[in-house]
Amino acid sequence: MSDSTPLGEFLRARREALKPQDVGLPEHGRRRVPGLRREEVAMLAGVSSDYYMRLEQGRESSPSPQVVDAVADALHLDDEAVDHLRRLIRATQERRTPSAGHDQVNPQLLQLLDSWPDTPAFVVGPALDILAHNGLAAALHSGFQRFDNLARMVFVDPAGRDFYQDWDKAAQSCVAEIRAAYGHDPKSPRITEVVETLSAKSPEFAELWARHNVKGKTRQTKNLKHAQVGDLQIQFSAFTVNEAPHQQLVVYQAEPASSTAAAFAELRSRIDNRQGEQEQRQGEQEQREVVQWTTESIRHP
């Protein structure tokens, strides 16, 4: 990550993403910098160029709510981006220590996951780490090297581009979700680690991260392709965990009587068969141990 402030990085990226015609300004001649100039944003927001420059450089940390709204309007930010901007401003005003680990999942939530054997469900942390999952979620993602971090799976794992049929959409969503979490906790060591690792390994991730697009998890449709059960169309929902708002419960649902529902049932059947085989092997092993113990007892009473 850059040494400049998170607030400055965000403002600069969103300014550079706009063209003069996007905001109703004429474009005269060749521009030396991409996007809008600082003085153009300042004019649109009704503040001085010097003030906006200080804001973008992190030297102005207490803008009024009116100024924040004006800058957001000038940069054409949507609601989620405006909320992100406000969080970044609050972060510059607060002295916060790096957050503690976000990897502890409530035992009751773990029980809830296991109570849904026919529905893939898992819990993710701010950096999209998989903190907990049920058996069907593991079976659904069995083609990956590891079911450990959604962003790593999308950008680095060889299975990602086949599994996510709309890979570009999945990639953009992953980065925007981590960016949203970063706004809540810019000093998070884990988010920093994931961003730096993926930026080094994936040019696509680095490019998307530099855009500063923000979007939390929402309800939507995902098109996936599983190597064993084929194409899947799922309804994706994410729920914030009240007692751990940095965690989200993710649930994948299939339309009743659909081919995806049948595929989920097939995966569930495979899980049950594997468990049955494991129990049978364990029972046979225990039986052999009993026979061996009995034989030894007879030989050496």
Side-chain angles (χ1 to χ4, degrees), residues 1-17 33-35 56-58 80-81 84-85 87-88 91-92 96-103 122-133 137-138 140-217 222 224-225 227 238 246-248 250:
M1 294 185 188
S2 170
D3 291 333
S4 61
T5 68
L7 173 60
E9 290 178 349
F10 177 71
L11 292 174
R12 183 167 54 256
R14 300 311 290 262
R15 171 173 60 81
E16 292 177 350
V33 295
E56 195 171 286
Q57 292 177 345
E80 288 193 85
H84 182 72
L85 172 62
R87 287 192 295 269
L88 292 175
T92 66
R96 300 171 56 181
T97 56
S99 58
H102 295 314
D103 56 351
F122 52 94
V123 178
V124 296
L128 300 187
D129 291 311
I130 307 298
L131 305 181
H133 57 79
L140 179 63
H141 297 90
S142 60
F144 290 89
Q145 294 174 338
R146 299 185 304 278
F147 184 30
D148 58 350
N149 180 282
L150 290 179
R152 186 204 66 79
M153 293 160 64
V154 168
F155 286 96
V156 179
D157 198 297
R161 294 180 187 267
D162 290 332
F163 183 78
Y164 296 100
Q165 296 194 45
D166 191 346
W167 186 88
D168 289 338
K169 182 179 178 181
Q172 292 170 18
S173 294
C174 274
V175 178
E177 289 160 15
I178 297 178
R179 178 64 75 178
Y182 176 72
H184 285 281
D185 192 2
K187 295 183 180 180
S188 165
R190 179 55 183 161
I191 292 178
T192 299
E193 178 186 13
V194 169
V195 170
E196 290 180 347
T197 299
L198 293 180
S199 295
K201 292 183 176 181
S202 169
E204 293 99 331
F205 180 92
E207 179 184 351
L208 290 171
W209 182 253
R211 295 181 187 177
H212 287 253
N213 291 332
V214 181
K215 189 172 182 62
K217 283 188 176 297
K222 281 183 177 288
L224 309 177
K225 187 178 185 65
H246 47 268
Q247 296 178 3
Q248 287 192 307
V250 179

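All figures in this text were calculated on a predicted structure; none of them were measured in a lab.
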Any chance you could measure [X], atom [atom1], to [Y], atom [atom2], to the nearest 0.5 Å?
| X | Y | atom1 | atom2 | result |
| --- | --- | --- | --- | --- |
| L224 | D162 | CG | CG | 12.0 Å |
| Y164 | K222 | OH | NZ | 6.0 Å |
| L150 | F144 | CG | CZ | 8.5 Å |
| I191 | E193 | CD1 | CD | 11.5 Å |

Under a 4.5 Å cut-off applied to non-hydrogen side-chain atoms, are [X] and [Y] in contact?
| X | Y | answer |
| --- | --- | --- |
| R190 | D129 | yes |
| F163 | L140 | yes |
| Q172 | L208 | yes |
| F155 | K201 | no |

For W209 together with Y182, are the ring centres under 6.0 Å from each other? yes

H184 vs H246, test: side-chain contact (heavy atoms from CB on, under 4.5 Å). Steps then yes/no. CA-CA 9 Å; H184 285 281; H246 47 268; over 6 Å; no

With respect to V250, which candidate in I130, L128, V124 satisfies the side-chain contact (heavy atoms from CB on, under 4.5 Å) definition? V124

With A176 via side chain to side chain contact (heavy atoms under 4.5 Å, CB included) - residues at least two apart: K215

How close do [X] and [Y] get, heavy atom to heavy atom, and via which atoms?
| X | Y | answer |
| --- | --- | --- |
| R146 | D157 | N-OD2, 3.9 Å |
| A81 | F10 | O-CZ, 3.8 Å |
| M153 | D148 | SD-N, 3.9 Å |
| V154 | C174 | CG2-SG, 3.7 Å |
| P186 | P6 | CB-CG, 4.0 Å |
| V194 | A127 | CG2-CB, 3.8 Å |

Under 3.5 Å, is there a donor-acceptor pair between the side chain of [X] and the main chain of [Y]?
| X | Y | result |
| --- | --- | --- |
| Q247 | V123 | no |
| S202 | L198 | no |
| R14 | H212 | yes |

One pair to check against side-chain contact (heavy atoms from CB on, under 4.5 Å): F122 and L131. What are the steps and the verdict? CA-CA 7 Å; F122 52 94; L131 305 181; over 6 Å; no

Using the six-membered ring wherever Trp is involved, compare the ring planes of F147 and H141 and label them parallel, tilted or perpendicular (cut-offs 30° and 60°).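 Because their plane-to-plane angle is under 30°, the rings of F147 and H141 count as parallel.
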
Give the C-alpha distance, both sets of side-chain angles, the deciding distance and a yes or no for side-chain contact (heavy atoms from CB on, under 4.5 Å) between R152 and Q145. CA-CA 10 Å; R152 186 204 66 79; Q145 294 174 338; 3.9 Å; yes

Taking side chain to side chain donor-acceptor pair (under 3.5 Å) as the definition, give me every residue that meets it alongside E16, ordered by chain and number, with sequence neighbours left out. none

Checking K225 now: which residues fulfil side chain to side chain donor-acceptor pair (under 3.5 Å) with it, not counting sequence neighbours?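 Per chain and number, K225 pairs via side chain to side chain donor-acceptor pair (under 3.5 Å) with D231.
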
